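Remarks on the structure that follows.
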Amino acid sequence: MKKVLAFGAVAAVSTTIAYSAEAASHTVESGDSLWVLAEENNVTVESLKKDNNLTSDIIVPGQVLEIDGDKKTEAKEETSDKDNKEVKDTYVIEAGDTLFDIAVEFDVSVAELKEWNNLSSDIIFVGKELVVAADAAPDAATPVAEPATEVEKVEETTTNAPAEEVQEEEVQQQAQQQQQPQQQAQSTNTNSGLNWGALAACESGGNASVVSANGLYHGLYQFDAQTWQSVGGSGVASQASAAEQTQRAQMLYDQRGSSPWPVCGSRL
């Protein structure tokens, strides 16, 4: 399925390899994604989108893309000396990234990434900035002083206030406290505690726009068109956002459990 594009000569300067290539055309096949094409041709997803006037990461079979290998000219030197690597405190998530891949890249654990970025699951979204170094994480040892709660303010500022005012404020506070659990219940799916990031990593490598080689299965959770539409989706899953794909995967789980994912369902 993968195509090798025709490139110009490769030149070596000192110990650094610089990649250069002439612009070439590529016809999209089933299973192709911008991330895969960028990796194969030593360019970035952003340059592919810019060169082809794309406003999203979605590509379709039969579409012709222009790929300019000159867009990525920075060479990478292989070295076992970690001190020679540029130290970064944050990282912007790209298409195809998973927490595991990012953890390996920056020599940290997935648990540390989740702790530093206040993540409750392995699901991440393209464009979000992650803290990837302990030095950049919030200092848990020096908690920020929280403002006084409304009850404390009432005690501090209304000690001599009329009893009717204090009672009215307490009633309002109780009403707000009763509404919060109801709002949370409405916005939280009953199966949101499952590890959807692990399932997505197993099914699609965490790539929301990926399409299987036979063109039948789409997106993070590899929906076929019929199953996707049975849970309210339109078109195919690879054309929807990662958030919508996860929401509809949770709906499918409510209906059928993990059976739609006979191999990767054990990751949930």
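For clarity, every value in this text was computed on a predicted model and none was experimentally measured. Just so it is clear, the values below take in all heavy atoms, side chains as well, and ignore hydrogens, waters and symmetry mates.
Between Ser30 and Asp32, the side chains place no donor N or O within less than 3.5 Å of an acceptor N or O (distance only, hydrogens not considered). With no hydrogens or angles considered, a side-chain donor-acceptor pair links Ser47 and Thr44 at under 3.5 Å. Side-chain contact of Thr246 with Tyr221: a donor-acceptor pair under 3.5 Å is present, judged by distance alone. The closest side-chain donor-acceptor pair between Asp224 and Thr227 falls under 3.5 angstrom.
Clustering ILVMFWY residues whenever any of their side-chain heavy atoms sit less than 4.5 angstrom apart, transitively, puts Val126 in a cluster other than the one holding Ile124. Under the 4.5 Å side-chain heavy-atom criterion for grouping Ile, Leu, Val, Met, Phe, Trp and Tyr, Val110 is connected to Val131 within one hydrophobic cluster. Cluster membership check: Leu199 shares its hydrophobic cluster with Trp228, using side-chain heavy-atom separations under 4.5 Å among Ile, Leu, Val, Met, Phe, Trp and Tyr.
The 12-atom threshold is not exceeded at CZ of Phe100, counting heavy atoms of other residues, nucleotides or ligands nearer than 6.0 Å. By the 6.0 Å contact criterion, CG on Asn118 is open, its count of non-hydrogen atoms from other residues, nucleotides or ligands being 12 or less.
Taking each heavy atom of Asp51 and Glu66 in turn, the nearest pair found is CB-O, 4.2 Å. Residues Cys202 and Arg267 come closest through the heavy atom pair CB-NH1, 3.9 Å.
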(message) Could you go through Ser212 and Gln222, starting from their C-alpha distance and side-chain angles, then the distance that decides it, and tell me whether this counts as side chain to side chain contact (heavy atoms under 4.5 Å, CB included)?
(response) CA-CA 8 Å; Ser212 65; Gln222 292 293 277; 3.7 Å; yes

(request) For Asn207 and Ser204, run side-chain hydrogen bond (donor to acceptor under 3.5 Å, both in side chains): C-alpha distance rounded to whole Å, both residues' side-chain angles, the deciding distance at 0.1 Å, then the answer. (result) CA-CA 6 Å; Asn207 187 348; Ser204 63; over 6 Å; no

(request) Test salt bridge (charged side-chain N to carboxylate O under 4.0 Å, His left out) on Arg248 and Glu244 and set out the steps. (result) CA-CA 6 Å; Arg248 300 203 184 282; Glu244 181 182 354; 2.9 Å; yes

(message) Please evaluate residues Leu130 and Ile102 with respect to the criterion side chain to side chain contact (heavy atoms under 4.5 Å, CB included), reporting the C-alpha separation (whole Å), side-chain torsions for both, the decisive distance (0.1 Å), and the verdict.
(response) CA-CA 9 Å; Leu130 289 181; Ile102 297 172; 3.8 Å; yes

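Leu48 is not listed as a side-chain neighbour of Leu65, based on a closest heavy-atom distance of 4.5 Å or more.
Formation of a donor-acceptor pair under 3.5 Å by the Trp35 side chain with backbone atoms of Gly96 is not found in this model. Under the 3.5 Å distance criterion, the side-chain polar atoms of Asn117 are left unmatched by any main-chain donor or acceptor of Lys114. A donor-acceptor contact shorter than 3.5 Å links the side chain of Gln63 to the backbone of Val60.
The aromatic ring centres of Phe106 and Tyr91 sit less than 6.0 Å apart.
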